[in-house]
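In listed order, ligands and their atoms are each counted from 1. It should be emphasised that the depicted structure is a prediction, and the values quoted were computed from it without experimental measurement. Computed over heavy atoms, backbone and side chain alike; hydrogens, waters and symmetry mates excluded.
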Amino acid sequence: MNDDDLDYLKTLTILYAEDDDSIRGQLCQFLNRRCKELYSTTNGKEGLEAFELYQPDIVVTDILMPVMDGLKMGEAIRAINPKTPIIITTAFEEPRYFHRAIDLGVDKYVTKPVDLAVLEKALLKCARAIRAEVALHELQERTTELLESQRIAKLGHWRMDLVHGKLSWSEEFLRIFEIDAARFGTSCAAFLSLIHPEDRESVAKSYQAHLEECADYDIEHRLLLTDGQVKYVHERCQTERDENGRPLRILGTVQDITERKLIELELEQHRLHLEDLVAVRTAELEKAKDQAEAANRAKSVFSANMSHELRTPLNAILGFAQLIERDPLLSEGHRRELQTINRAGRHLLALINDVLEISRIEAGHTAVQNEPFDLSDMLLSIEEMTRVRAEIKKLNFNVELLGVLPHFVKGDAHHLRQVLLNLLGNSVKYTDHGTITLRLKPIDDCISFEIIDTGVGIAEDDLQNIFHAFYQTDVGIAKGEGTGLGLTISREFIRLMGGEIQVTSAVNEGSIFAFTIPLPEISAPAITLKPQGQILSLAAGQPNYRVLIVEDNEDNRLLLTRLLENVGFEVRAVNDGKQAVAMFQSWHPNFIWMDMRMPVMDGYQATKMIRALPDGKNVKIAALTASAFKEDRDSILSAGCDDMLTKPLSEDSLFAIMGQLLQLEYCYAPTTTSSSNENAVNLDLSCLSPEWRDELSHAADMLDVEAIEVVVQKIKVEFPEQAQALENAIAGFHFDVIQQAIRDLQAD
Ligand code: ADP
């Protein structure tokens, strides 16, 4: 007997019914050892109740028992569970019982006295049957699950028996193809007929390749169903072959992937649409970028032209004003008027420069210098200028040194100076009471600068914008000064110098503008050309120098000629490059001032031609240009010029360049007035009548110099001090000081 069956029997429960105590006792002992649980009863009724309660796996019963016999109990049990195995033990072998037992379908009939070996055999047979039944049940369950999961996965399959020419398919396969099994032929052709006509060829090819060359059959294709519906399926198959490789049976799977495919197609469409959009947007952006670049180039050209157009006449205005100012016969009134022209011109020049500076920065034309300079000298002059301005507004001005500053450093003196003057200028401008502080702190090779004021401060919202070009706060606009460019320029300069400007501010408490830039100390003092006062003439014993002026603008030609002749040069002037080449050959000048933009032949060409002539290498040529761009400097020098001077001409630079190139010595006039003193304004207007104050206030609001002059003339005799102070204020364009002085009176 199989040990396996015995072990399995020990996992089962048995119901035993017997009215004879001794037999029951004996069998109970036997049965107990062979099963997991034994329920023993003395008649059929009890047995039936125990069956209902415990659902035993096997029933062993006597037939003749009081209350209910074993066969009746068996019938009732079968009604409940027809599969429960029943073993009958009985001494009666009457056919009556035997037939009833057969009708009942008992599994074994064991006669009494019970042969235990026979009973055991019967029990093992029942155990085997139960086990088979359980296994079958599990298999059925798994099959159901499998079918269910195939339905969920929309996965059908088909099988082709090539030996017998039979094709079969699963239910899910039929569901996917939406076909009626009865009407679907068992041929390949029937299946092929549902493949989308456009995909048929490729499906047939793959299938063929699989059969003949054992290639993988793993394809996605479309179905065109009878109702016109299109579905997408994924097909695979595996083929069983004989020893010669001939296919015997094929098992194939078909998965409905329509949902996934439609999503993929939709996504693909979105992607294509997106790509289209991106392409269109990119093209638009490229076009916009090209346009912006073209606009930027146009702006640079415009700036260069503007710089030429504005600076050239300004050059004449400022130059002649300076020349006339020197005339000893000039009346005091005219001298003052000339000073006004000079200052107004310089103010205008500063404005033009601001706008040009912005254009230059935006066009990327601003170059940063890294040259030695005298830091302490620069800070002293900045301090001096700021102190004068602060005093005018009765503000304290402190310079705080946190550490020892280097004397000489390497950096961009010009840009640093502009930034500091601008930030300190703002502090003075936007502070009415308290203190302006310039705090300096060396940190390794850098210096940190803080410009601190106790002024009006800047609101949170404005802080985001003050560095934008032309942005002014309400306070800034109300001041009626400035352009809103100062901070933009300062920020860019600081960036160029390797720093970043920071601002913290609180309304009505004040502001702190701070930045740190590299300014490494250098030991050797920088060579600085210091103005030594006005040049009167060439020093005695200098050779006679011939200077040729090449300039198409008549005013400038005249101005330059006068300036140079006054100092003692022998001067000739021509209108264009062609004449310059001719004059060079006939007159052999030692020095040429060459305007670069001229009709007929420009300065670049003329310089190149002169340099190519015999002796052309020896003459010193300096360019005159209104261009503000560094590239121009490079091309000017590479054309053969030794140096260049930007218009409007500064006399100092003009003579400095000539002095350096020709190794000249000059005689200077002794320096007299300190220019900063002229700015000092002490405005107490309390003595003026209300009408005059109104007139002044209105004129200051309108920035009307002439109208203020009228008042000055009227009060001059009676209040000479106030008249002078007002003149000083307008000379420095301090309309704000006038406005403030009047406001102070109104407040009193
Ligand atoms: P503006 O020529 O108007 O002074 P800026 O670019 O120098 O132009 O400054 C922009 C604005 O920032 C100014 O209009 C002013 O309102 C504000 N601002 C600048 N510096 C200060 C300061 N120290 N205190 C208060 N406001 C300031």
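Taking the salt bridge (charged side-chain N to carboxylate O under 4.0 Å, His left out) definition, one finds that K287 meets it with nothing, sequence neighbours left out.
Of the possible polar contacts, none joining the Y471 side chain to the Q464 backbone as a donor-acceptor pair under 3.5 Å is found.
For atom 6 (O) of ligand 1, the choice among V507, N465, L487 with the nearest heavy atom turns out to be L487. The option from G476, G484, G486, A469 that lies nearest to atom 1 (P) of ligand 1, judged by heavy atoms, is G484. For atom 27 (C) of ligand 1, the nearest non-hydrogen atom from the set Y430, Y471, F513 comes from Y430.
Close approach of ligand 1 to K429 is summarised as follows: ligand atoms under 4.0 Å from at least one heavy atom of the residue are 1 (P), 2 (O), 4 (O). Close approach of ligand 1 to G457 (heavy-atom distance below 4.0 Å) involves ligand atoms 25 (C). Heavy-atom contacts of Q472 reach the following atoms of ligand 1: 1 (P), 3 (O), 14 (O) (cutoff under 4.0 Å). Per-residue contacts place L485 under 4.0 angstrom from the following atoms of ligand 1 (heavy atoms of the residue considered): 6 (O), 8 (O).
Some N or O of T473 is nearer than 3.5 Å to an N or O of ligand 1, by distance alone.
Under the 3.5 Å distance criterion, with hydrogens and angles disregarded, a donor-acceptor pair is assigned to the side chains of S490 and N422.
Classification of K393 and D432 as a salt-bridged pair holds, one side-chain N sitting under 4.0 Å from a carboxylate O. The pair E551-R557 fails the salt-bridge criterion, with no side-chain N (NZ, NE, NH1 or NH2) lying under 4.0 Å from an Asp/Glu carboxylate O. Salt bridge E293/K289: present, at least one basic N to carboxylate O contact under 4.0 Å.
Counting heavy-atom neighbours within 6.0 Å of R335 CZ, excluding the residue itself, gives a total above 12.
Taking a 4.0 Å cut-off on heavy atoms, G455 fails to register as neighbouring ligand 1.
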